[in-house]
Amino acid sequence: MSDPRDAPEPQVLLEWYDRHARDMPWRVGPSDRARGVRPDPYRVWMSEIMLQQTTVAAVKSYFEAFTNRWPTVSDLAKAEDADVMAAWAGLGYYARARNLLKCARVVHTEYGGVFPETYDALIALPGIGPYTAAAVASIAFDRPETVLDGNVERVMARLYDDHTPLPAAKPKLMDYASALTPEDRPGCYAQAVMDLGATICTPRNPACGLCPWRSACRAWTAGTARDLPKKTPKKRKPTRFGIAYIARRVDGALLLETRPDSGLLGGMLGWPGSDWNDAPEEAPPIHAEWRSIDEEARHTFTHFHLRLTVKTALVPMDRTPERGRFFAVETFDPAMLPTVMRKAFNLVSKP
DNA sequence: AAACCGTGGTC
DNA sequence: TGACCAAGGTT
């Protein structure tokens, strides 16, 4: 092995990107960009919000659905909250959907439906943090801002063989990334580093043999690429228990509740239920004869496992619920529910 | 500033 | 089965 005397050249990565850029619905590829085609900032922003901690594969169908239904930021600004939350159902991190709508309304009312172009203006908007502000500024407006996401962190940690564990390493990794960000084609460059991280410099088995930056990579020289970046160990997830109540009225209507805006599954529809803890207390939303389903619904959230006991009841037309409201059969679709609630429903409706 | 906030795929 | 991971942001 020789010393990596080469410095990583942004230009080398851009040439790689020109040949290997991934094709995605929200992206304007390098050849179209060269012809002067600019991406739609609304679509860039939408994709970046959806892609936060979420895979490209999971995002694609949601991106199509949202941009078809709400083609511009002003269309989205005028949407009903419940419609946006229902359309987001299943994608997770539901605060993103609430902030998406807030942001659209600010851009519509305070910016006349035109996205601001600077990092500082973008980061002031709801749901836009350091990464997304840099991503929109660079990708949509070709400003030389530096994106630091999980991909870039990994690429930089390896390029400079930095063994500092994350998240403490972030400032240093940002310095590395920032020093590399070019004035020329910063939008393509931002996407190029992330594509490199997603397709070549991958977490488990990096394809160093195909990497355009291999000769400049200190981890390649040291043989440490697979072990980087280091991360501080995570806490084990506790298990919590809960009870969900699925009431079906004799006309087929189902009793649902809109959850409070803050906290877990905030703003989403769900079955009324108990708190989720070590030993939940009964909390039926309407007087009825409740029967437990044999199987429980299991689901894992970001920081705990949930085992949900599902109870069902058939209730007469004239009975008023203490919590929630009935949805007629025609207006109910399991797709409007977050995944954990869909799992509970499947236990009742399938067998 | 550490904790909170979803989900589906993979090994 | 379980831990890890994915284009992070907010409090």
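Any value given below was found using the heavy atoms of this structure, including those in side chains, with hydrogens, waters and symmetry copies removed. Below, chain A is the first sequence line, B the second, and so on; all start at residue 1.
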Verify same cluster id: A/Y17, A/L180 (apolar side-chain graph, 4.5 Å): yes

More than 12 non-hydrogen atoms from neighbouring residues, nucleotides or ligands closer than 6.0 Å to NE2 on A/H287, yes or no? no

A/H163: partners by ring pair (Phe, Tyr, Trp, His ring centres under 6.0 Å), with sequence neighbours left out: none

Should A/R259 and A/E257 count as an ion pair when the cut-off is N to O under 4.0 Å? no

Do any side-chain nitrogens or oxygens of A/H299 fall under 4.0 Å of OP1 or OP2 in B/dT7? yes

Shortest side-chain distance from A/M194, nucleotide among C/dA7, B/dC4, B/dT7: C/dA7

I'd like to check the salt bridge (Lys or Arg N to Asp or Glu O under 4.0 Å) partners of A/D227; sequence neighbours left out, ordered by chain and number. none

Show each protein N/O and nucleotides 9-11 of chain B N/O combination with a separation under 3.5 Å, one pair to a line.
none

Contacting residues from residues 12-29 of chain A, given that a heavy atom lies under 4.0 angstrom of DNA chain C: A/R22, A/M24, A/W26, A/R27

Check this one for me: any side-chain N or O of A/H303 less than 4.0 Å away from OP1 or OP2 of B/dA3? no

Per the under-4.0 Å heavy-atom filter, residues of residues 51-64 of chain A near DNA chain C come out as A/L51, A/Q52, A/Q53, A/T55

If hydrophobic clusters are built by linking Ile, Leu, Val, Met, Phe, Trp and Tyr wherever their side-chain heavy atoms come under 4.5 Å apart, do A/V114 and A/L122 end up in the same one? no

Below 3.5 Å, can you tabulate the donor-acceptor pairs from side chains in residues 330-341 of chain A to any protein atom, sequence neighbours excluded?
{"from": "A/T331", "atom 1": "OG1", "to": "A/A328", "atom 2": "N", "distance (Å)": "3.3"}
{"from": "A/T331", "atom 1": "OG1", "to": "A/A328", "atom 2": "O", "distance (Å)": "3.0"}
{"from": "A/D333", "atom 1": "OD1", "to": "A/A335", "atom 2": "N", "distance (Å)": "2.9"}

A/L100 CG to C/dT10 P, in whole Å, measures 13 Å

Compare side-chain N and O positions of A/Y93 against OP1 and OP2 of B/dC4 and report whether any pair is under 4.0 Å apart. no

Applying a 4.0 Å non-hydrogen cut-off, can you work out what A/K235 is touching in the nucleic acid: base, sugar-phosphate, or nothing? sugar-phosphate

For atom P, what is the distance between B/dC5 and C/dA7, given to the nearest Å? 23 Å

I'd like to know if A/K172 and A/D175 make a salt bridge, using a cut-off of under 4.0 Å between side-chain N and carboxylate O. no

Of the listed nucleotides B/dG6, C/dA7, C/dC5, the one nearest the side chain of A/P203: C/dC5

When clusters are formed by joining ILVMFWY residues with side-chain heavy atoms under 4.5 Å apart, either directly or through shared neighbours, do A/L91 and A/F66 land in the same one? yes

Who pairs with A/F63 by ring pair (Phe, Tyr, Trp, His ring centres under 6.0 Å), at least two apart in sequence or on another chain? A/W26

Test A/F326 against A/D251 for side chain to side chain contact (heavy atoms under 4.5 Å, CB included), laying out the working first. CA-CA 10 Å; A/F326 280 102; A/D251 66 346; over 6 Å; no

Taking atom CZ as the centre, does A/R226 end up with more than 12 heavy-atom neighbours from other residues, nucleotides or ligands that are less than 6.0 angstrom away? no

Residues within residues 128-142 of chain A bordering DNA chain C, heavy-atom distance below 4.0 Å: A/I128, A/G129, A/P130, A/Y131, A/T132

d(NZ, A/K102; P, C/dT10) in whole Å: 9 Å

Near DNA chain C, under 4.0 Å by heavy atom, which residues of residues 151-171 of chain A? A/N151, A/R154

Is it true that a side-chain atom of A/T202 and a backbone atom of A/T199 form a donor plus acceptor pair closer than 3.5 Å? no

Within the 4.0 Å heavy-atom criterion, would you say A/G266 contacts the bases, only the backbone, or no part of the nucleic acid? nothing

Tell me which pairs pass side-chain hydrogen bond (donor to acceptor under 3.5 Å, both in side chains) where either residue lies in residues 261-286 of chain A, with sequence neighbours left out. A/Y245-A/E282, A/E282-A/K311

Find the distance A/R96:CZ to C/dA7:P and express it as a whole number of Å. 13 Å

Would you find more than 12 non-hydrogen atoms of other residues, nucleotides or ligands less than 6.0 Å from A/R38 atom CZ? yes

Atom NZ of A/K234 and atom P of B/dA3 are separated, to the nearest Å, by 14 Å

Name every donor-acceptor pair, under 3.5 Å, that has one atom in a side chain of residues 44-60 of chain A and the other anywhere in the protein, sequence neighbours excluded.
{"from": "A/S47", "atom 1": "OG", "to": "A/R43", "atom 2": "O", "distance (Å)": "3.3"}
{"from": "A/S47", "atom 1": "OG", "to": "A/V44", "atom 2": "O", "distance (Å)": "2.8"}
{"from": "A/E48", "atom 1": "OE1", "to": "A/Y131", "atom 2": "OH", "distance (Å)": "2.7"}
{"from": "A/Q52", "atom 1": "NE2", "to": "A/G127", "atom 2": "O", "distance (Å)": "3.4"}
{"from": "A/Q52", "atom 1": "NE2", "to": "A/T132", "atom 2": "OG1", "distance (Å)": "3.0"}
{"from": "A/T54", "atom 1": "OG1", "to": "A/M50", "atom 2": "O", "distance (Å)": "3.4"}
{"from": "A/T54", "atom 1": "OG1", "to": "A/Q52", "atom 2": "O", "distance (Å)": "2.8"}
{"from": "A/T54", "atom 1": "OG1", "to": "A/R96", "atom 2": "NH1", "distance (Å)": "3.1"}
{"from": "A/T54", "atom 1": "OG1", "to": "A/R96", "atom 2": "NH2", "distance (Å)": "3.4"}
{"from": "A/T55", "atom 1": "OG1", "to": "A/A58", "atom 2": "N", "distance (Å)": "3.4"}

Euclidean distance for P, B/dG8 against C/dG9 (whole angstrom): 22 Å

Could you pull out all residues at least two apart from A/H299 that satisfy ring pair (Phe, Tyr, Trp, His ring centres under 6.0 Å)? A/F301

